Amino acid sequence: MNEPANESQPTQTNQNNPALAGMCQVCGGECRIQATMCDKCENTLRGWIHDYPIWIHALREFLDSTAHYGGHQPGRVNLPSAPTPIRLSVVDHLQEIEDAVTALWCRLYAPPAMPWATSIAVPPIVDMLKACWSCQRLNRLPDIGLIWHDWQRLARKTLAIIDVPPSRHGIGRCLNPLCGVELSAEVGAVSVDCPVCGNTYRVVDVRLGFLRECIESGRAFTAGECAELLRECGFQCNANTIRSWRKRGRLQPAGENEKGRPLYRLSDVHRQVLRRDSI
Ligand SMILES: [Zn+2]
Ligand SMILES: [Zn+2]
């Protein structure tokens, strides 16, 4: 009647198939008899499956194209009326993940060769991930090599979206008043392309726009951050100068950050810089 799933049967041993016995289908290295991948490859795959619930959560945040690299850093600009176009590539990628998880889950749990198997209820994606992660049969699948490499490709793509190289940082908003999305650029970049409206700007102009906005809104930063932003906009300023102004009473902190470092209003620092430069 129903053919048993052969990958879960312990009869498939090195005696039947000596050439493949104990060989990892992923890396070709040695592995335990009856297993189709070695401990190292298995741990890697289980690691991706384990981390995916968090990655999916992060991906959903990136659906909003105004989300940007370094979204929790002080350079973040939150606009009450920011446009929120959806990133279609992220929508596609989330679907791709769901398909891969469902396929793996069905592979491990759905009864094979049953006509009604197509209509089985599929649990929520996070539950499927948990079930796959804890499944003992994962390292018994005969085609684990293909599956492993599919997951590797998937994980790389996901991390390319959510795991942001530290050299990229938010620099300010697109100068197109109809667009205004947060732009990010690599450190030292001269120009930046807006991924939404397609305009190209000089980084220094975007930084100036950000500076102006921070001055007008009264936003406060650490001495180091103030100095960096001002330097990027062509002013001569360093953090020690800002601290010495405070000591001499020319500058008052506006508060402190979570690490207890004093925060200075950029407008106050900017005023001191202009005053010094005009003397
Ligand atoms: Zn291996
Ligand atoms: Zn734009």
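Worth saying up front: this structure is predicted, and the values here are computed from it rather than measured.
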Q272 side chain vs W245 backbone, donor-acceptor pair below 3.5 Å: no
Joint cluster assignment, L146 & L141, ILVMFWY side-chain distance < 4.5 Å: no
Salt bridge (charged side-chain N to carboxylate O under 4.0 Å, His left out) contacts in which one or both residues fall within residues 46-58, not counting sequence neighbours: E42-R46
W133 and H50 aromatic ring geometry - parallel, tilted or perpendicular at 30°/60° bounds: tilted
Same apolar cluster: L88 and I161, side chain cutoff 4.5 Å: no
Within one Ile-Leu-Val-Met-Phe-Trp-Tyr cluster: I125 and W105, side-chain cutoff 4.5 Å: yes
Salt bridge (charged side-chain N to carboxylate O under 4.0 Å, His left out) partners of residues 234-248, not counting sequence neighbours, each pair once: none
Pairs where residues 172-192 contributes a residue and the test ring-ring contact (aromatic ring centres under 6.0 Å, His included) is met, not counting sequence neighbours: none
L138 vs L108 side-chain heavy atoms within contact, under 4.5 Å: yes
Pairing residues for Q95 by the side chain to side chain contact (heavy atoms under 4.5 Å, CB included) criterion, not counting sequence neighbours: E98, D99
W55 atom CH2, over 12 foreign heavy atoms within 6.0 Å: yes
Passing candidate, side-chain contact (heavy atoms from CB on, under 4.5 Å) with F210, options R173, E182, R219: R219
Nearest non-hydrogen partners of L59 and V90, listed with the distance: O-CG1, 3.5 Å
Side chain to side chain contact (heavy atoms under 4.5 Å, CB included) involving N238 - partner list, sequence neighbours excluded: R231, N240, T241
Flag, side chain of R207 to backbone of I171, donor-acceptor distance under 3.5 Å: yes
Those residues that, when tested against A254, pass side chain to side chain contact (heavy atoms under 4.5 Å, CB included) (two or more places apart): A220, R265
With R212 via salt bridge (charged side-chain N to carboxylate O under 4.0 Å, His left out) - residues at least two apart: none
Cluster check L94, Y52: I/L/V/M/F/W/Y, side chain < 4.5 angstrom: yes
hydrophobic_cluster_shared for V204 and L183, side chain cutoff 4.5 Å: no
Which atom of C197 lies closest to which atom of C174, heavy atoms considered: SG-SG, 3.6 Å
With R156 via side-chain hydrogen bond (donor to acceptor under 3.5 Å, both in side chains) - residues at least two apart: none
Residue pairs, two or more places apart or on separate chains, that pass salt bridge (charged side-chain N to carboxylate O under 4.0 Å, His left out) and touch residues 255-264: none
Those residues that, when tested against D127, pass side-chain hydrogen bond (donor to acceptor under 3.5 Å, both in side chains) (two or more places apart): none
Listed partners of A189 passing side chain to side chain contact (heavy atoms under 4.5 Å, CB included), at least two apart: A185, V203
Side chain to side chain donor-acceptor pair (under 3.5 Å): pairs with one or both residues in residues 143-155, sequence neighbours excluded: E96-R153, R107-D143
